[in-house]
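Remember, predicted model here, so these are calculated numbers, not experimental data. Naming convention: chains lettered A, B, ... in sequence-line order (proteins, then strands); numbering from 1 in each chain.
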Amino acid sequence: MPYPTEPLEILGAWVGALLTIFIYSYILWRENYAFRWAEHTYIASTFAVAIVQAIRLIRTNIVAPLMEGDIRYIVPIILGLMFYTLPFRRYRWISRYTVSFLIGIGFGVTVRGALSADIVKQILSSVTAPTGGTAMDWFNFIWVSLGFVFIVSYFTFTVEHKGWYYFPTKIGRYILMLGLGVYFGNTVQFRMAMLSGRVQYLLRVFKIIPWP
Amino acid sequence: MTEAEKSIWIKMAEIDRRIIYWALFLLLAVPFIHPLMLPVSISETTKSLYDFIEGLGPDDIVVIGIQSGVSAWPECLPGLVAVTKHLVSRGVKIIVWGFYTDVDMTMNAIKARVPQLKWPDEEVGPGDYKYGEDWVYVGLIAGGEPSVAALADDLHAVIKADYFGTPIDQIPLLSKVKGAKDIALVITSDTGDYGWYYVRQWNSRYGTPIAEVGIAMIYSEFIPYYRAGQVVGLLKGCRGGAEYETLIKSPGEGIQRMDALNVSHLLTIFFIIIGNIGYFATRKYRR
Amino acid sequence: MAAAWRRPEIFIFIVGVVMGISWLGYFFYLPELDATVKLMQTWAVGIATFALVLGFLSAARIHLYYIRRRTPGMWPFSAWLFFFTAVATIAGLYSETTGFYAWQFKWVYTPLGATLYATTGFYICSAAYRAFRARSLEAGILLVAGILVMLGNCTIGEVLWKDIPTINEWLQLYGQAPFIRSIMVTAALGLILYALRVMAGIERGYLGALGAGGGGG
Amino acid sequence: MVGALNLAMEIIVQGRGFQFVILLMTAIFLYIAYRLLKMGKEIYLRRLPAIDAIEEAIGRAAEMGKPAHYTYGAGGGWGGGLASHQGPQVVASSAILGYVAQLCARYDVRLIVNMMQADAIPLTEEVIRLAYLREGKPEKFDPKIINYFPGQSPMVTGILGTFQRERPAASFHIGGLYYESVVIGEAAKFVGAFLVAGTANTHQLAFIVATSDYVLIGEELYAAAAYISREPMQVASIASEDWVKFILMAITVIGMILESAGIHVISNMLKW
C-alpha cells in the first residue's frame with residue numbers, strides 16, 4: 001500500500017513509527033520514559049482489543065448456542081462464573097471446580113496427541129528402512145534412528161551414565177547439540193527478515209526511501 | 001600480554017551488546033537506501049528464463065497471469081517486476097490478467113515500479129508502452145482450469161473487453177491474438193494450482209512455453225516440468241527475483257531483501273568469530 | 001473434616017473422570033464419548049473467555065494501586081493506560097471498523113505486534129555472539145552447525161564455498177531429525193507420567209491450600 | 001475376564017491399539033516402581049542441575065536484595081488456555097513456581113510473576129498462596145505480584161520494562177515458550193540476572209540453551225515436579241518413565257534390524 005495520503009492515515013503511520021523507535025530505544029540504549037510510554041500505550045491498546053473481542057466471543061461462543069436452545073451451554077457459563085469466587089477468601093475453593101475441569105481436558109487431549117503423533121509415529125518412522133535406497137539413504141536411516149536412540153539414552157534419569165552406558169549418552173549429547181545448532185541457524189533467516197521489514201517501514205515513513 | 005593488549009582481547013570477548021544492536025540496525029537499513037548488490041549465485045532455472053526472453057522481440061506477445069495475492073508480494077513481486085522490466089527493454093508485447101481477487105493491486109504495484117507502462121490517459125514518451133498497442137491489462141478473470149483452457153482455445157470467447165471496458169475488437173493488440181498459438185510465453189505467478197492449469201491447457205495442448213514466478217514452495221513442485229522442458233524458467237520466490245534483478249542489472253526489492261539477508265547473517269557470523277577469538281585469547285586468564 | 005464439597009478428593013475425581021473420558025473416547029470406539037470430549041473442548045474456550053475478566057481485574061488492580069500510591073515514574077503511565085484503554089474500548093464497542101478503535105488497531109496494535117516480534121532479530125544476533133563459543137567439543141558442534149546453516153540460508157554462502165547448499169540441505173533434512181524426534185518422544189513420556197500423577201492425586205499443586213494435606217508440589 | 005478382553009479387542013480403534021498398550025504399560029510400571037520403593041528398594045536418581053540451581057538463584061537474589069522474576073511464557077495463552085495443547089506445560093511449570101515462591105518466602109525475596117494465561121490465574125494464586133502458607137507467612141502473600149497481559153507481545157513489552165526497572169537477580173521462564181524465549185533470555189542476561197529456563201516446545205530449545213544458565217529440556221520440565229517433592233510416588237514415576245524409554249529404545253533398535261531384513265513384525269505391531 002503506497003504512502004498514505006489523508007491526514008489521519010499519515011498521522012497513524014508516524015505514530016506507528018514513533019512507537020517503534022521508542023520500543024527499540026530500550027534495546028539500542030536503555031529503558032527510558034519514551035519506552036515506558038510506548039509500553040503502556042501498546043499494552044492499553046491490546047487490552048482494548050482483548051475486551052472488545054472478549055465481549056464478541058462471549059456473544060458468539062456462549063450466548064448464541066444457548067439462545068438456539070442448546071441448554072448444555074449452561075455448563076460453561078456456570079463454570080466460568082465460578083472463576084469469580086477467587087477474590088473472596090471464604091468461597092475461593094469453588095473456583096477449583098473450573099480449574100480441575102480445564103486441567104482434566106488439557107491433559108486428556110494432549111496425552112492422546114502425544115501418544116499417537118509424538119511417540120508411535122516417531123518410532124514407526126525410525127524403524128522403517130529405506131526401500132532399495134542408495135548408500136546415502138542407508139546412512140541417513142542409521143544416522144537418524146541410532147541418533148534418536150542415543151539422545152533418548154541421554155535423557156535417562158535412573159541409570160548412572162558410567163561404564164559402557166557412558167558412550168551412547170555422550171554421543172547422544174553431541175547429536176543433540178548438532179540439532180540445536182541447526183535449529184538456531186535456521187531461525188536466524190526468518191527473524192532477520194522480520195527486523196529488516198521493520199527497518200524498511202521506518203525508512204519509508206520518514207521518507208528516506210520511496211514507498212511505492 | 002600487556003595490560004592494553006589484554007583489554008583488547010577481553011573487549012572482543014565481551015562486546016557491549018548495544019554495539020551489536022546498532023551495527024545490525026544500521027546495516028539492515030543500508031540495502032534499502034543503496035543496494036549493495038552482494039553477489040548472488042544465479043541458479044540454472046533463472047538463467048534459462050533470462051535466455052528465453054533474450055530470444056524474444058517486438059513481434060512476440062507474452063501473457064502475464066497473476067495468481068498470487070498481496071500477502072505473497074514479498075516473495076513474488078520482485079520476480080514479476082524484474083521480468084516485466086526485461087520484457088519492456090526488449091519491446092515484447094504484454095497482456096496481463098489474473099484469476100486472483102486482488103490482481104488489480106498487484107498490477108498497480110508492478111506499474112508503480114515499471115514507469116514505461118502507461119494507462120490510456122497517460123501521455124506516451126519514447127520507449128514507453130502505449131496502452132492497447134504495446135500492452136493490455138484485462139483484469140480479473142473468473143473460473144478455474146476450464147476457463148484457462150477456454151482462453152487457450154479462443155481468447156475472444158472468454159475476454160469480451162479489457163479492464164476499462166473497451167470492447168476487444170477496438171484493442172489492436174488483443175484483436176491480433178486468437179489463442180495460445182499466438183502467445184510466445186506465459187509467465188504465471190502462483191501460490192496455488194493455476195501454474196499446473198497453464199502447463200496442462202496451454203503447453204501440453206498448444207506447446208506454449210510456460211514460466212513460473214511463484215513462491216519458493218511452488219518451485220520444488222515445478223522442477224519435474226522444468227526437467228521435461230514444458231517450463232522454460234522458474235524463479236524461486238524472492239531469491240529468484242534477486243537473481244533476475246542481478247541478470248538485468250536493475251537492483252530492486254529482491255536484491256534489497258537478499259542484501260539484508262546476507263548482511264544480517266554475515267554480521268552475526270562476524271560477531272561469533274570475534275567472540276571466539278577474544279575468548280580463546282583470554283582463556284589463559286579465565287582458568 | 002472439611003465439608004464434603006471442599007475435600008481434595010472431589011477435585012482429583014473430576015480431573016480423573018474428565019481425563020478418563022477423553023482417553024476412553026479416543027482408544028475405544030465410543031462415538032458418544034468422543035462427541036462429549038469435543039463439546040467439552042468448546043466449553044473450555046468459553047470458560048477461558050470468562051477468565052479474561054479475571055485478567056483485566058488483576059491488571060486494573062495493579063495500575064490503580066500505582067495511581068493511588070502515586071508511585072514515582074509509574075503512576076502517570078498507569079493513568080495514561082487506563083485512559084487509552086477506556087477510550088479505545090468505548091470506541092470499539094461503538095464500531096470495530098471505523099473511528100478511533102479501527103485507527104489504533106491499524107496504527108498501534110498491528111505495527112507494534114510486528115515491532116516486538118522483530119526484536120528477536122536483535123536478540124538472536126547477540127545470543128549467537130554469546131552462546132556460540134567453542135568452550136567444549138559440544139559447544140563447538142553447536143557453533144559449526146549454526147554457522148553452516150546460516151551460510152547455507154543466505155545467497156553469499158554458495159559464492160564462498162560451492163558445497164554449502166548441499167550441506168545445508170542435509171543438515172536440515174537429516175542432521176536435526178534425531179534431535180527433534182527424541183525430544184518429541186521423551187517430552188511425550190514426561191507428559192504422560194505427569195498426567196498419571198495428576199490422575200492418581202499425587203500431583204496436587206493445582207489444589208493449593210486445599211491440597212496441603214496430601215503430598216505433591 | 002476373557003469376555004471383557006474380547007469386547008475391548010473389538011472396539012479398540014484400529015491403529016490406536018499399541019498406543020493404548022504404552023499408556024497401560026506406563027501406568028503398570030508406575031505401580032510396580034511405587035511398590036518397590038515402599039519395600040525399601042533404593043532407586044538412583046540422576047541430579048537435575050536446573051532444580052539445584054533454583055535455590056542458588058534465590059539465595060543470590062536475597063543477598064543482592066533484588067526481586068526474582070517468573071513467567072510461563074506464551075504457551076496456553078490462546079484458545080482453550082489450560083485445556084489447550086500447551087496447558088499441561090503451564091500446569092507443570094506452576095509446580096516449579098510453587099517451589100520458587102516457597103524459597104522466595106523463606107529468604108524474603110520479592111517475587112514478580114508476568115503471565116498471559118487468564119484461566120491460569122487462579123492456579124497461580126493458589127500455588128503461591130500455598131508456598132507462603134508452608135513457610136508460615138500467609139500474610140506476606142500479595143496477589144498484586146501477578147501481572148496479567150492480554151497477549152504475547154504486550155507481555156514481552158511488560159517483561160522488558162520489568163527487567164530494567166526492577167533489575168531482578170534471578171529470572172525463570174518455564175512453560176510453553178514461543179518467540180519470547182530469546183527476547184527474555186537476552187534481556188535478562190543484559191541486566192545480569194541468573195537464568196533458569198525450561199520448555200517442551202522443540203522449536204525454542206535452541207534459544208533457551210543459548211541464553212540461559214540452566215535449562216530444563218522437554219521431559220525435564222515434567223520431571224522437575226518429581227525432583228522437587230522427592231515423594232516416593234514421584235520418584236517412582238521417573239523410574240517407570242525410564243523403563244518405558246528402555247523398551248522404546250529396544251523396539252527401535254530391533255525394529256531397525258528386522259525392517260532392514262524385510263520382516264515387518266515391529267512396524268505392524270506399531271500400526272496395530
Side-chain angles (χ1 to χ4, degrees), chain A residues 23 26-27 30-31 35-36 38-39 42-43 45-47 49-51 83 86-87 92 95-96 98-99 101-107 109-113 115-116 119-120 123-124 126-129 141-142 145-146 148-149 152-153 155-161 176 179-181 183-184 187 191, chain D residues 16 18-19 22-23 43-46 48 80-85 87-88 91 119 121-123 125-126 149-151 153-154 157-158 160-161 163-165 179 202-203 205-207 209-210 217-220 223 238-239 241-242 245-246 248-249 251-253 255-256 258-260 266-267 270-271:
Chain A
I23 296 280
Y26 173 96
I27 298 170
R30 61 172 176 73
E31 206 265 349
F35 166 80
R36 209 171 295 179
E39 171 193 355
Y42 179 49
I43 291 171
S45 164
T46 49
F47 267 118
V49 169
I51 294 169
F83 263 139
L86 187 66
R92 180 167 300 139
S95 66
R96 289 200 190 93
T98 317
V99 173
F101 177 76
L102 290 175
I103 289 177
I105 301 172
F107 277 102
V109 170
T110 325
V111 165
R112 298 179 348 180
L115 275 167
S116 62
I119 295 181
V120 171
I123 292 180
L124 191 60
S126 301
V127 292
T128 335
F141 169 62
I142 290 162
S145 299
L146 269 190
F148 158 68
V149 171
V152 171
S153 75
F155 278 108
T156 47
F157 300 101
T158 55
V159 178
E160 282 191 78
H161 295 182
L176 176 66
L180 289 169
Y183 219 99
F184 192 106
T187 324
R191 291 181 170 175
Chain D
R16 294 180 182 167
F18 188 70
Q19 293 165 30
I22 293 178
L23 186 62
I43 291 184
Y44 165 81
L45 206 55
R46 173 162 66 93
L48 201 54
L82 283 174
S84 71
H85 281 274
V91 176
D119 63 351
I121 289 177
L123 171 68
E125 263 194 31
E126 289 304 312
F149 297 91
S153 291
T157 323
L160 291 179
F163 279 152
Q164 291 216 2
R165 285 195 289 268
Y179 86 76
T202 50
H203 47 81
L205 287 175
F207 301 107
V209 165
I217 296 180
E219 174 194 12
E220 293 167 348
I238 303 288
E241 213 171 305
D242 271 7
K245 247 175 263 171
F246 284 117
L248 293 181
M249 284 196 270
I251 289 175
T252 308
V253 173
M256 280 171 66
L258 292 181
E259 290 290 316
S260 318
I266 296 281
S267 54
L270 289 168
K271 290 185 198 134

Could you have a look at [options] and say which one has the most heavy-atom pairs with chain D under 4.5 angstrom?
options                               : value
A:Thr187, A:Leu176, A:Thr128          : A:Thr187
A:Arg30, A:Arg191, A:Glu39            : A:Glu39
A:Ile105, A:Leu146, A:Val99, A:Leu124 : A:Leu124

Got a donor-acceptor contact below 3.5 angstrom from the [X] side chain to the [Y] backbone?
X        : Y        : value
A:Glu31  : D:Gln164 : no
D:Asp242 : A:Thr156 : no
D:Tyr44  : A:Glu160 : no

Less than 4.5 Å to any heavy atom of chain D: does that hold for the side chain of [X], its backbone, both, or neither?
X        : value
A:Val159 : both
A:Ala50  : side chain
A:Ile27  : neither

Does any non-hydrogen side-chain atom of [Y] lie less than 4.5 Å from one of [X]?
X        : Y        : value
A:Phe157 : D:Leu48  : yes
A:Arg112 : D:Arg16  : no
D:Leu23  : A:Leu115 : yes

**Request:** Heavy-atom pairs under 4.5 Å with chain A are the metric here; pick the option from D:Thr202, D:Leu82, D:Ile121, D:Leu123 that has the most.
**Result:**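 Among D:Thr202, D:Leu82, D:Ile121, D:Leu123, the one with the most close pairs to chain A is D:Leu82.
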